Enquirer: 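Structure in structure tokens, see below.
Residues take their numbers from the sequence shown, with the count starting at 1. Worth knowing before you read on, the calculation uses all heavy atoms, side chains too, and leaves out hydrogens, waters and symmetry mates. Since the model is a prediction, treat every value here as computed from it, not as a measurement.
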Amino acid sequence: MMYDHTTTPLRTGRAAVNGTSLHYRTAGSGPAVVLLHGVPKTGYHWRHLVPKLTPHHTVVVPDLRGLGDSARPADGYDSATMSDDIAELMARLGHESYAVIGEDWGAVIGYQLAARHRDHATALVFAEALFPGFGFEDHTALTAENVSSGMHLWHLGFYFQPDVPEMLIAGHERELITYMIKNERSHPDTATPDAIEEYVRCYSMPGGIRAMLSVYRAMLTDAEQNRQAARKKLDIPVLALGGSAFIGERNESQARLVAHDVTGHVFDAGHDLAEEVPDEMADVVLPFLAAHR
């Protein structure tokens with residue numbers, strides 16, 4: 001369960017959009033903000049940040065295509081298609097304009113949302129992500145630099161392989177998700193049992209791991225989509241947020257490749273800012289949103 005600032009549970013619903021069905025939560029009032037989670041997480045990732053936003057904003061928290069309690073279609077896991085899902089959802093909910101907050105894969109999808117729907121996205125918060133097509137793939141390499149920096153992303157190549165990951169992960173979803181969530185944080189104790197249970201529940205459902213892997217298997221398509229979109233840089237303001245123990249300042253340098261107006265901030269944290277340092281994140285995000293309504 002997720003709550004707003006008055007401890008009222010968020011409203012939930014499902015919407016048929018772009019050939020699939022998305023589960024979403026919503027609460028609050030004011031200018032709209034959509035929050036896009038990464039992998040292996042769900043919309044529950046935002047549970048600490050939401051009550052800090054709802055006094056000022058109408059918040060929409062979808063589970064991305066194939067993830068959480070959303071439907072798990074056979075295809076459509078490239079970031080452009082997943083961004084169109086969100087654009088249709090926001091239109092369906094009556095939000096003509098909105099800010100976008102994304103983290104991890106949700107940040108990549110959030111960028112595509114801002115790039116493909118420029119008349120609707122008013123600002124972008126790009127948290128703890130690297131772009132396919134702009135160096136993300138380089139971190140699959142077994143090099144001394146990647147290993148020493150903690151950025152040897154071994155799982156990218158593994159997940160990209162057909163069939164073998166499904167065989168090895170089946171029955172071990174809990175172990176994989178717990179490891180990935182805790183290992184990428186400076187503050188592993190912030191991976192609370194309720195969150196782990198929710199993530200394991202969703203990714204253990206039929207098609208859950210297949211959908212997760214499909215996001216990674218679309219990386220080469222994403223790379224081409226990002227290179228094409230970056231030919232016309234974003235004009236909206238972008239806030240690039242990093243954790244010092246993971247992607248850090250590289251979030252800002254990545255964002256500057258695709259946007260003109262970029263501000264960066266690095267927290268004393270690992271990869272999952274909204275769960276590790278939600279108060280500090282809110283202190284940076286709220287003034288940014290207020291300045292760019």
Enquirer: Would the distance check show the side chain of K182 and the main-chain N or O of P188 forming a donor-acceptor pair, the cut-off being under 3.5 Å?
Expert: yes
Enquirer: Name the one of L35, V33, L239, V100 that satisfies side-chain contact (heavy atoms from CB on, under 4.5 Å) with V125?
Expert: L239
Enquirer: Using the salt bridge (charged side-chain N to carboxylate O under 4.0 Å, His left out) definition, which of the options D78, D84, D85 pairs with R65?
Expert: D85
Enquirer: Quick check: does any side chain N or O of E173 sit under 3.5 Å from a backbone N or O of G171, one acting as donor and the other as acceptor?
Expert: yes
Enquirer: How about F126 and F131: are their ring centres within less than 6.0 Å of each other?
Expert: yes
Enquirer: Hey, are the side chains of L22 and D63 touching, using non-hydrogen atoms and a 4.5 Å cut-off?
Expert: no
Enquirer: Less than 4.5 Å apart, any side-chain heavy atom of V238 and any of L234?
Expert: yes
Enquirer: Give the C-alpha distance, both sets of side-chain angles, the deciding distance and a yes or no for side chain to side chain contact (heavy atoms under 4.5 Å, CB included) between V164 and L168.
Expert: CA-CA 6 Å; V164 174; L168 296 177; 3.9 Å; yes
Enquirer: Judged by atom type as modelled, is there a donor-acceptor pair below 3.5 Å linking the side chain of H57 to the main-chain atoms of P31?
Expert: yes
Enquirer: Same cluster for M167 and M212 if Ile/Leu/Val/Met/Phe/Trp/Tyr side chains link at under 4.5 Å?
Expert: yes
Enquirer: Of all the heavy-atom pairs spanning A269 and S186, show the shortest one and how long it is.
Expert: C-OG, 3.2 Å
Enquirer: Can you name the nearest heavy-atom pair linking P73 to G66, along with the distance?
Expert: CD-N, 4.3 Å
Enquirer: Quick one, W154 with F160, criterion ring pair (Phe, Tyr, Trp, His ring centres under 6.0 Å). Give me CA distance, side-chain angles, the key distance, then yes/no.
Expert: CA-CA 11 Å; W154 58 270; F160 193 83; over 10 Å; no
Enquirer: Using every non-hydrogen atom in the two residues, find where N226 and P132 come nearest and quote the distance to one decimal.
Expert: ND2-O, 2.9 Å
Enquirer: According to the ring-ring contact (aromatic ring centres under 6.0 Å, His included) rule, which pairs have a member within residues 172-197, sequence neighbours left out?
Expert: none
Enquirer: Pair D235, R118 - check salt bridge (charged side-chain N to carboxylate O under 4.0 Å, His left out), show working.
Expert: CA-CA 9 Å; D235 292 319; R118 294 174 187 245; 5.2 Å; no
Enquirer: Which heavy atom of P278 sits nearest a heavy atom of H48, and at what distance?
Expert: CB-CB, 3.6 Å
Enquirer: Judged by atom type as modelled, is there a donor-acceptor pair below 3.5 Å linking the side chain of Q225 to the main-chain atoms of Q112?
Expert: no
Enquirer: Between R174 and E197, does any side-chain N to carboxylate O distance fall below 4.0 Å?
Expert: yes
Enquirer: Could you please spell out the steps behind the side chain to side chain contact (heavy atoms under 4.5 Å, CB included) verdict for L64 and I109?
Expert: CA-CA 10 Å; L64 296 174; I109 294 163; 3.8 Å; yes
Enquirer: Distance from E128 atom CD to I247 atom CD1, nearest 0.5 Å?
Expert: 4.5 Å
Enquirer: Are R47 and T192 close enough that a side-chain donor and a side-chain acceptor fall under 3.5 Å?
Expert: yes
Enquirer: For residues R201 and D69, determine if any side-chain heavy atom of one lies less than 4.5 Å from a side-chain heavy atom of the other.
Expert: yes
Enquirer: Rounded at 0.5 Å granularity, tell me how far CZ in R14 sits from OH in Y24.
Expert: 10.5 Å
Enquirer: Report the C-alpha distance between S97 and H120 in whole Å, list the side-chain angles of each, state the deciding distance to 0.1 Å, and finish with yes or no for side-chain hydrogen bond (donor to acceptor under 3.5 Å, both in side chains).
Expert: CA-CA 4 Å; S97 63; H120 302 285; over 6 Å; no
Enquirer: Okay, side chain of T54, backbone of D4: is any donor-acceptor separation there less than 3.5 Å?
Expert: no
Enquirer: Identify the two heavy atoms, one from N251 and one from A127, that lie closest to each other, and give their separation to 0.1 Å.
Expert: OD1-C, 3.8 Å
Enquirer: Is a side-chain donor or acceptor of D104 paired with a backbone partner of A129 at a separation under 3.5 angstrom?
Expert: no
Enquirer: In the structure I gave you, are the side-chain heavy atoms of L67 and C202 within less than 4.5 Å of one another anywhere?
Expert: no
Enquirer: Within the 4.5 Å heavy-atom criterion, are L289 and I101 side-chain neighbours or not?
Expert: yes
Enquirer: Decide whether T122 and R293 meet the rule of one side-chain donor and one side-chain acceptor closer than 3.5 Å.
Expert: no
Enquirer: Nearest 0.5 Å, please: how far is NE2 in H265 from CG in L241?
Expert: 7.5 Å
Enquirer: Less than 4.5 Å apart, any side-chain heavy atom of F267 and any of S244?
Expert: no
Enquirer: Could you pull out the closest heavy-atom pair between V200 and I177, with the gap in Å?
Expert: CA-CD1, 4.0 Å
Enquirer: Are D268 and V277 close enough that some pair of their side-chain heavy atoms sits under 4.5 Å apart?
Expert: no
Enquirer: Going through the distances and angles, do L89 and V60 end up as a side chain to side chain contact (heavy atoms under 4.5 Å, CB included)?
Expert: CA-CA 9 Å; L89 173 66; V60 179; 4.2 Å; yes
Enquirer: Does H139 reach the main-chain N or O of M151 with its side chain, forming a donor-acceptor pair under 3.5 Å?
Expert: yes
Enquirer: Test your reading of the model: is there a side-chain donor-acceptor pair from R92 to the backbone of V17, 3.5 Å cut-off?
Expert: no
Enquirer: So how far is it from F246 CZ to E276 CD, rounded to the nearest 0.5 Å?
Expert: 10.5 Å
Enquirer: State the CG-CG distance between L153 and D138, to the nearest 0.5 angstrom.
Expert: 10.5 Å
Enquirer: How long is the gap from NZ on K233 to CG on L257, to the nearest 0.5 Å?
Expert: 7.0 Å
Enquirer: Under 4.5 Å between side-chain heavy atoms, hopping through other hydrophobics if needed: is there a path connecting M281 to V266?
Expert: no
Enquirer: Show which side-chain atoms of residues 213-224 pair as donor or acceptor with protein atoms under 3.5 Å away, not counting sequence neighbours.
Expert:
unit_1 : atom_1 : unit_2 : atom_2 : d
S214   : OG     : R210   : O      : 2.8
R217   : NE     : Y159   : O      : 2.9
R217   : NE     : Q161   : O      : 3.3
R217   : NH1    : E166   : OE2    : 2.9
R217   : NH2    : Q161   : O      : 2.6
R217   : NH2    : E166   : OE1    : 3.0
R217   : NH2    : E166   : OE2    : 3.4
D222   : OD1    : S79    : N      : 2.8
D222   : OD1    : S79    : OG     : 3.2
E224   : OE1    : R227   : NH2    : 3.2
E224   : OE2    : Q228   : NE2    : 3.0

Enquirer: For residues Q254 and F134, determine if any side-chain heavy atom of one lies less than 4.5 Å from a side-chain heavy atom of the other.
Expert: yes
Enquirer: Walk me through whether T58 and Y98 qualify under side chain to side chain contact (heavy atoms under 4.5 Å, CB included).
Expert: CA-CA 9 Å; T58 300; Y98 43 85; over 6 Å; no
Enquirer: Any sub-3.5 Å donor-acceptor pair from T178's side-chain atoms to E175's backbone N or O?
Expert: no
Enquirer: For the pair R116 (side chain) and A114 (backbone), establish whether a donor and an acceptor sit closer than 3.5 Å, ignoring hydrogens and angles.
Expert: no
Enquirer: Applying side-chain hydrogen bond (donor to acceptor under 3.5 Å, both in side chains), which residue pairs with at least one partner in residues 26-46 are found, sequence neighbours left out?
Expert: K41-E103, K41-D272, Y44-D194, H45-E275
Enquirer: Might you confirm whether atom CD of E145 has over 12 heavy atoms from other residues, nucleotides or ligands at distances under 6.0 Å?
Expert: no
